[in-house]
Every structure is written in C-alpha cells, then in structure tokens.
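Reviewing the structure listed below.
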Amino acid sequence: MADYGFPKTTRLLSAEDYKAVFSNSQFKASCRHILVLAISNDCQHSRLGLVIAKKHISKAVQRNKVKRIIRDSFRLHQDTLAGLDLVVLARKDADKLGNPQLRDKIQKLWKELADKLARANN
RNA sequence: AGAGUCAGCUGGGCAAUUGCUGUAGAUAGCUCUUCGUUUAUCGCAUAGCGUUAGAUGAGGAAAUUUAUAGAGGAAAGUCCGGGCUCCAUAGAGCAGAGUGCCAGGUAACGCCUGGGGGGUGAGAACCCACGGCUAGUGCAGCAGAAAAUAAACCGCCAGAUUACUUUCGAGUAUCAGGUAAGGGUGAAAUGGUGCGGUAAGAGCGCACCGCGCGACUGGUAACAGUUCGUGGCAAUGUAAACCCCACUCCGGAGCAAGGCCAAAUAGGGAUCUAAUGAUGCGGCUCGUAUCGGAUCCGGGUAGGCCGCUAGAAAUCUGUGGCGACGCAGAUUGAAGAUGAAUAAUUGUCCUCGACAGAACCCGGCUUAUAGGCUGACUCUUCUU
RNA sequence: AGGCGCGUAACUCAGUUGGUUAGAGUGCUACCAUGACAUGGUAGAAGUCGACAGUUCGAAUCUGUCCGUGCCUA
C-alpha cells in the first residue's frame with residue numbers, strides 16, 4: 001500500500017533546496033498555467049516546493065487554494081515521482097481555473113515528468 | 001398589508017474516505033543524539049587524561065498511534081491611538097505636528113456617549129473639519145463706474161453774471177455740485193418693509209422685523225430667552241490662506257523589534273612554544289616588526305530556539321449611571337503556522353452559499369460584502 | 001508582515017509649496033524643400049491632470065477616502 005501522507009520530510013524546506021532546483025533543473029514540464037521544475041535527489045522519496053507569486057495571483061485566498069490543490073494532488077501521486085525534488089510555479093490566471101480543471105492539469109504534468117524520468121534512467 | 005428608519009445576530013448544514021499544524025498521553029528501545037555510571041581495549045609525558053566498543057539510567061529529536069483544538073466580521077486598507085522591545089536621553093523653553101461647539105467616557109485616540117447649534121425629510125430618523133476674519137497680514141482673475149480706509153458709468157436733482165434755440169412755459173449743451181431710490185456686471189455691491197421727510201435722495205427720523213453690545217434669568221457648560229437696557233447699523237467672503245487662541249503630543253525606530261545557542265570559511269586578541277629560523281629596517285652586532293604550530297577567549301554569518309499568545313480577555317449575574325462606561329462576584333481556557341497548517345474528494349439536503357485568509361497583541365475608524373433571522377420605531381391604506 | 005514613494009498628451013518629464021493661462025521634448029498628421037529617401041522648415045491635432053467626495057465664487061494644485069504602481073527591511 002502506497003503512503004499518501006505529506007510530512008515535513010517530503011517538502012523543500014530551506015532556501016538552498018530551492019536554489020539547487022532553480023539553478024540546475026534537469027526535468028521540466030509546463031502548461032499555460034503551471035510550470036514544474038525538477039532534479040533528482042539522494043532520498044528514496046520525492047520532495048515538493050511551491051512558488052505561488054503574489055504578482056500572478058493577487059488574492060491570498062486564491063493563493064492558498066491553489067497551493068492546497070497542488071499539495072493534495074502531489075500527496076496522491078508521489079509514489080510515481082520517487083527520487084525527485086520538484087518546484088511548482090504558478091503562472092498568471094492559475095486561480096481562474098476550477099478545482100477539477102486544476103487537478104487534471106497537474107496530474108498530466110506529473111505523468112509527463114514520470115515518463116521523462118523513466119527515459120532518463122534507461 | 002405595503003413602504004421605510006435604526007439596532008443586533010448569522011456568514012451553508014450533514015455523512016464517509018484521505019491529509020496538515022499545535023497540545024496532551026502511550027508505544028518499541030529498531031534509528032540518531034546529549035549527559036551520567038560502569039566494563040573491556042588502545043595511546044601517552046601514567047594516583048591521571050583521551051580513543052573505540054558494549055551494558056545500564058535519565059532527557060531530547062524523529063517515527064507510529066490515541067484523544068483534543070484549529071481563520072474573520074472585516075483577519076483587508078495601514079488612516080489614528082496604545083501596549084511591548086531596543087537604541088538615545090540632566091531640566092525647561094522655542095520651534096514643529098495634530099485636534100478644534102460643550103460636558104463626560106477611556107490605557108489612549110482624530111473613537112464613543114449625552115447635550116447645544118445648523119441643515120435634510122411627511123415622519124421614525126439622518127448629516128455637519130461646527131473656535132476666531134469686531135488681533136493683525138494677505139488674496140478676491142474676467143466682467144463692472146466701483147471689490148474693501150468704498151465708489152458717481154447710466155440715471156435722478158436744484159443751481160450758474162455761461163452758450164445756443166425758443167411758441168417766453170422751457171429745452172439742449174457746458175460748468176462746478178448733491179444723490180446709493182432705480183439700471184446693468186459679478187460668486188459677492190455695505191440690513192428688510194412701511195410711513196414721514198427732501199430739490200432729488202439717504203437710518204436722515206419713526207414703527208415693526210433682523211443684527212451687534214451689556215445686564216438679568218435658566219443651564220456645570222456650549223447655549224437659550226414673547227425679559228430689560230443700549231447702538232442707527234459701525235460688522236463682504238476666504239483660516240481644508242498665513243496666522244491668533246485653547247488643548248494634546250513632543251527623541252527615534254519597529255517582532256524583519258529584541259534576546260539566547262551557534263557550524264564551515266576568513267579574520268582579531270591573549271598565553272605558550274621551537275628552528276636561536278626566514279624576511280624588512282640597518283654597513284654589521286644589538287634592537288624592533290612580520291611570518292609557523294598548539295591552547296584558550298570574545299565578536300559573529302548560515303541555521304536553530306525564545307519573543308508567541310492569560311489579555312485594558314470573554315461570558316453570565318448583581319449594582320451605579322439617561323448613556324458611552326465603571327465597580328463587584330462567579331465561570332471558562334478558546335489558532336499560533338514559519339516555503340508558512342486550518343483542507344481535498346465523493347455523496348446528500350436546502351434558500352445553491354457574498355466579501356474574503358491570522359503572522360507580536362489590543363482599542364477604534366475606513367473600505368468590500370450574497371442571503372437569512374430577531375427586536376424597536378415611523379408613515380400610508382384597509383378591517384374591527 | 002512592517003515602512004516609504006509615485007500617478008499630468010501615445011512615451012519621457014515641467015507646472016503642485018504660493019488657487020483663476022495646462023506647458024516642453026520625442027513621436028503622430030498635413031504641407032514646403034528633394035528626381036526619391038533621410039535631415040531640415042512651417043502648421044496642426046492629441047489631456048475630464050488615476051477615481052470619487054468635500055472646502056471655495058473657482059481645484060492638476062488644499063483636505064479626506066479608495067484604486068493602480070514601484071521601492072526598502074531577512
């Protein structure tokens with residue numbers, strides 16, 4: 001049975017972690033509203049970081065909502081992305097999507113990343 | 001029944017599954033770690049100190065699990081007022097900033113309550129930066145004759161040793177005057193109506209109204225008055241113009257304040273040390289400065305911890321007060337994150353869910369806000 | 001979160017303190033000059049001064065409240 005928890009070990013915590021992902025990102029996946037960067041890490045599991053800029057989503061309620069949905073989706077799909085440090089950036093108008101649409105989009109991006117990872121390992 | 005005014009409350013509910021953060025407890029001693037006791041081992045300068053490994057006791061982290069709590073009325077804007085913290089600081093004044101009818105409330109306020117005055121509305125009610133331009137200084141474009149110690153453009157008026165005309169009444173022009181009743185300009189033109197008065201007029205005089213000043217009465221006061229006296233009126237607007245008056249603040253920053261622990265790297269200070277070393281100053285010795293190693297010390301970055309939520313607290317009761325609010329008693333423990341929790345999915349119900357997310361904490365103000373509920377009051381219509 | 005500043009022509013800025021006329025440069029349009037283009041010359045258009053209230057006879061300017069935008073503090 002897969003572990004669907006989201007404890008602190010599966011998050012990016014310090015500024016250095018983020019810096020590492022930004023400066024040498026190995027994998028990329030994006031759509032109109034979301035961009036995902038990733039590098040492989042030394043852990044067994046994957047780790048998630050979120051960058052939701054105030055510039056792109058102006059209202060705090062909307063920012064929180066987007067973060068929650070992405071986090072929840074990551075929680076349910078993290079077993080397919082093992083060994084990656086991920087940073088998810090929200091682009092403009094990401095808050096205009098409905099909850100189910102946002103969910104679909106992020107799921108597709110997870111899948112794309114998983115494929116790329118498999119290809120790189122082979 | 002309809003229309004409306006004010007005040008208060010609420011801000012989707014239920015169920016299942018999967019998650020997050022705090023707090024309290026439990027678990028196994030499988031993982032990491034701190035301190036102590038003890039056994040073995042190895043090293044050395046050997047009553048000792050240190051290395052490594054094991055056993056054991058206590059604590060912490062992480063993990064698993066159970067219970068429990070978990071955004072707002074505005075959490076927002078940052079427009080005011082405080083608490084708290086640090087730095088600065090003899091005291092007083094000037095300067096500066098703010099407030100501005102009166103009284104009270106408050107930790108304090110630019111907030112609130114009650115009262116006064118003015119305005120809006122049929123009314124319940126609502127709105128008002130509401131001290132002073134009779135302390136001084138300034139400003140008032142254009143238009144208009146004149147714009148602030150008033151003023152004569154048109155008009156009106158009697159006069160003249162004047163000129164012309166003449167129907168001999170006077171008229172026109174000119175001169176030097178009087179006049180603020182009428183005209184037009186302007187946002188604004190120096191009380192209103194009537195009577196008298198006059199050459200024409202004029203607060204020039206009078207009556208009433210309005211206004212100023214003083215007294216009296218009521219009121220803590222602002223202020224009010226079918227009161228009395230007095231002044232012919234002197235007093236245009238503007239203080240969100242300078243300013244005057246009264247009161248308040250009066251050093252500065254803000255939890256990214258501030259305090260504690262503290263790696264790596266670089267650098268600082270103190271002590272010891274050896275080649276009796278190297279380099280610079282110097283012709284050489286002496287001297288002096290720098291350079292090596294070890295130990296200790298303090299500052300301090302990354303990072304971590306505290307600050308952090310029990311407070312001008314909430315609720316209820318009693319009591320004083322018209323009220324804001326005060327006082328007394330009882331009860332309650334109610335978010336505290338830090339790449340930042342408080343949710344997601346599914347089902348279901350209804351009226352189909354607005355504005356919107358704590359970040360040190362309070363008191364206000366302002367702005368945004370779907371719908372629902374309660375109470376008090378006003379007006380209109382109908383019925384009894 | 002806390003603390004500062006700025007909104008004026010399409011663009012870059014004056015004017016705001018001290019109230020009564022909105023101005024400069026670049027760009028744009030038309031014409032002149034040239035065989036043509038650039039340069040040059042002449043003329044012209046373009047602004048509810050971020051929005052809404054208030055004070056005033058009168059507001060880009062004074063006062064208040066919102067909106068947008070930028071910067072600083074780890």
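Every chain is numbered from 1 and lettered A, B, ... according to where its sequence line falls, protein lines coming before strand lines. None of the values given here were measured: they were computed from a predicted structure.
- The CG atom of A:Asn64 sits 18 Å away from the P atom of B:C20 (whole-angstrom rounding).
- Distance CD1 (A:Ile69) to P (B:U346): 11 Å, rounded to an integer number of Å.
- Distance A:Phe74 CZ to B:U18 P: 20 Å, rounded to the nearest Å.
- Within the shown strands, B:G277 is the pairing partner of B:C291 under the Watson-Crick or G-U definition, both distances less than 3.5 Å.
- Straight-line distance from the CG atom of A:Leu76 to the P atom of B:U345: 11 Å, rounded to whole Å.
- As a whole-Å value, the separation of A:Ile57 CD1 from B:G357 P is 13 Å.
- Note on A:Arg71: only backbone sugar-phosphate atoms sit closer than 4.0 angstrom, heavy atoms only; bases stay farther off.
- At the heavy-atom level, A:Lys59 lies under 4.0 Å from the strands shown only through sugar-phosphate atoms.
- Computed from coordinates, the A:Leu48 CG to B:C20 P distance equals 14 Å when rounded to whole Å.
- A syn orientation is assigned to B:G73, its glycosidic angle lying within 90° of 0.
- Glycosidic conformation, B:A234: syn, with the torsion inside 90° of 0.
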Go through A:Glu112 and A:Asp115 one step at a time and tell me if the side chain to side chain contact (heavy atoms under 4.5 Å, CB included) criterion holds. CA-CA 5 Å; A:Glu112 203 181 319; A:Asp115 289 351; 5.8 Å; no
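- B:U309 takes the syn form, because its glycosidic angle lies no more than 90° either side of 0.
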